[in-house]
Amino acid sequence: MARIETPRPIRGTQDMIGETQARFAHVIAAFDRVRRLYGFQRVEVPVFEATAVFARSLGETTDVVAKEMYTFPDRGGDSLTLRPEFTAGIARAYLTEGWQQFAPLKIAASGPVFRYERPQKGRFRQFHQIDAEIIGAAEPLADVELLVFADQVLRELGVSDGVTLQLNTLGDAETRDAWRAALVEHFEAHRADLSEDSIDRLARNPLRILDSKDPRDRPAADSAPDIDAYLTPETADFFAKVTEGLDAAGVTWTRNARLVRGLDYYRHTAFEFVTERLGSQGTVLAGGRYDGLIEALGGPATPGVGWAAGIERLAMLIDVPLESPLTVIMAAEDDRAIQDGIRVLTALRRSGISAEMIATGSPRKRYDKATKVLAKVLVSIKHDGEKATFDLKSVPGTEEHQMVEAIIQSLGGQH
RNA sequence: GCAGCUGUAGCUCAGUUGGUUAGAGCGUCGGAUUGUGGCUCCGAAGGUCGGUUGUUCGAAUCAACCCAGCUGUACCA
């Protein structure tokens with residue numbers, strides 16, 4: 001048979017095993033535990049959608065839509081896109097599945113998302129997010145609950161120390177439009193001083209100039225008008241209620257008047273949990289209120305708030321999760337003892353005791369191999385030609401030792 | 001996107017100014033020793049030296065291009 005060249009993994013994808021996988025699983029487990037405490041129900045939504053779901057909702061001019069989407073035609077010629085985020089797909093499901101009947105709806109999801117980008121530390125083409133949304137709740141209390149939820153996830157993961165919550169308001173549609181117009185006017189006046197990127201942003205997405213890191217943009221960005229001057233009394237009050245709620249919950253935050261979101265549908269609250277520890281990939285959890293999104297998808301005006309966090313980035317920040325070690329490792333030191341070993345092994349596992357047996361390779365080396373497994377109880381099995389004998393080695397009085405001993409004895413084993 | 005670094009056995013890495021058959025440790029497999037033991041010893045398998053093209057009598061080593069990974073930066077979770 002001709003040797004074929006082994007296909008390469010797709011760039012920016014990951015195969016996880018061992019510690020990497022343990023970290024990944026730990027993040028999801030913590031999310032799932034906390035999510036129940038806050039009454040967020042788990043939902044499953046497709047990994048791909050009609051391209052319009054994302055193109056329409058994210059905003060045609062955002063980077064994600066303009067150049068980072070995995071878009072392809074299916075066999076019928078329809079344009080499909082692998083989800084670059086959760087929110088738009090969930091909003092679509094909310095409309096098409098009649099989830100409006102459950103409003104206000106608190107939901108949690110996790111899974112792979114896809115962006116066509118240059119892979120590097122903490123960034124992949126297929127990466128994974130945990131995601132939380134509240135749909136159909138217009139009140140600031142929803143923002144507060146969502147943020148406190150996020151904060152608790154980070155706390156339970158033990159990463160909240162190096163992480164700060166940055167908070168801003170983008171106002172309502174009216175506020176945002178007025179502010180946007182003022183910003184365009186301001187930046188047009190400084191056009192000559194701006195970086196090429198920001199001149200481009202000026203036409204497409206002027207808010208983004210505010211958080212530009214290009215030093216050429218900083219003077220104009222720093223002198224740009226704050227949104228505060230454009231906030232209506234209602235929007236100012238909304239933001240105040242959010243911050244008061246956070247204070248009541250004891251969640252620390254800092255105002256970042258330059259914080260804007262990359263996607264177009266955000267209103268009111270915008271936030272990011274940021275760490276210094278991941279270099280330029282420092283945003284660890286981000287979100288905001290998206291009161292405009294569901295309308296943009298053709299639905300009725302429906303408020304929503306949500307956030308998403310990159311699982312890989314969180315996984316890099318946490319301590320190594322401790323593995324629950326194997327309880328029993330058995331060494332079949334004689335091939336004639338293998339059947340007896342299988343019987344005990346099965347009985348142990350059926351009793352809820354984790355167990356493995358080493359029965360391959362040189363019989364003389366099996367014990368040494370078993371000692372390297374670091375299980376709580378080591379059982380060696382020998383055979384004298386008549387019957388198998390079991391020998392336990394562990395700390396004698398322990399619960400595990402006694403349970404294993406009892407199971408072996410109940411099967412008529414000797415030791 | 002931009003910049004820099006790296007790519008040799010399953011893993012971690014040596015490899016001299018270009019020169020015989022490319023090495024080590026760990027792991028795997030076999031054997032010896034031990035016989036209530038995690039030690040020690042012997043042996044074996046395992047390599048298109050990331051890929052292609054070139055320079056040369058001769059390339060893991062030099063050059064060009066490509067691919068991949070890492071680090072930083074932009075943008076993003």
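Below, chains carry the letters A, B, ... as their sequence lines are ordered, and counting in each starts from 1.
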Q. Choosing from B:C76, B:C70, B:C39, which nucleotide comes nearest the side chain of A:D368?
A. B:C39
Q: Would you state whether a donor and an acceptor, one from the side chain of A:R364 and one from the base of B:G35, lie under 3.5 Å apart?
A: yes
Q: Starting from the C-alpha separation in whole Å, work towards a yes-or-no answer on side chain to side chain donor-acceptor pair (under 3.5 Å) for A:D368 and A:T371.
A: CA-CA 5 Å; A:D368 280 354; A:T371 61; 4.8 Å; no
Q. Counting side-chain heavy atoms from C-beta on, which of B:G30, B:G72, B:C76 comes nearest to A:K365?
A. B:G30
Q | Distance below 4.0 Å between A:S362 side-chain N/O and B:G31 OP1 or OP2 | A | yes
(Q) For RNA chain B, which residues of residues 9-28 of chain A approach it to below 4.0 angstrom with any heavy atom? (A) A:R11, A:G12
Q) Rounded to the Å, how far apart are A:Y266 OH and B:C76 P? A) 12 Å
Q: Represent RNA chain B in dot-bracket notation, 5' to 3'. Only Watson-Crick or G-U wobble pairs with both distances under 3.5 Å count; pseudoknot-style crossings use [ ] and interstrand partners use |.
A: (((((((..((((.....[...)))).(((((.......))))).....(((((..]....))))))))))))....
Q. Is any N or O donor-acceptor pair between the side chain of A:R313 and the base of B:C76 shorter than 3.5 Å?
A. yes
**Q.** N/O donor-acceptor pair, side chain A:R123 with base B:C75, under 3.5 angstrom
**A.** yes
Q) Are side-chain heavy atoms of A:D391 and A:E333 found at a separation under 4.5 Å? A) no
Q. Are the side chains of A:L154 and A:V284 in touch, meaning some heavy atoms are under 4.5 Å apart?
A. yes
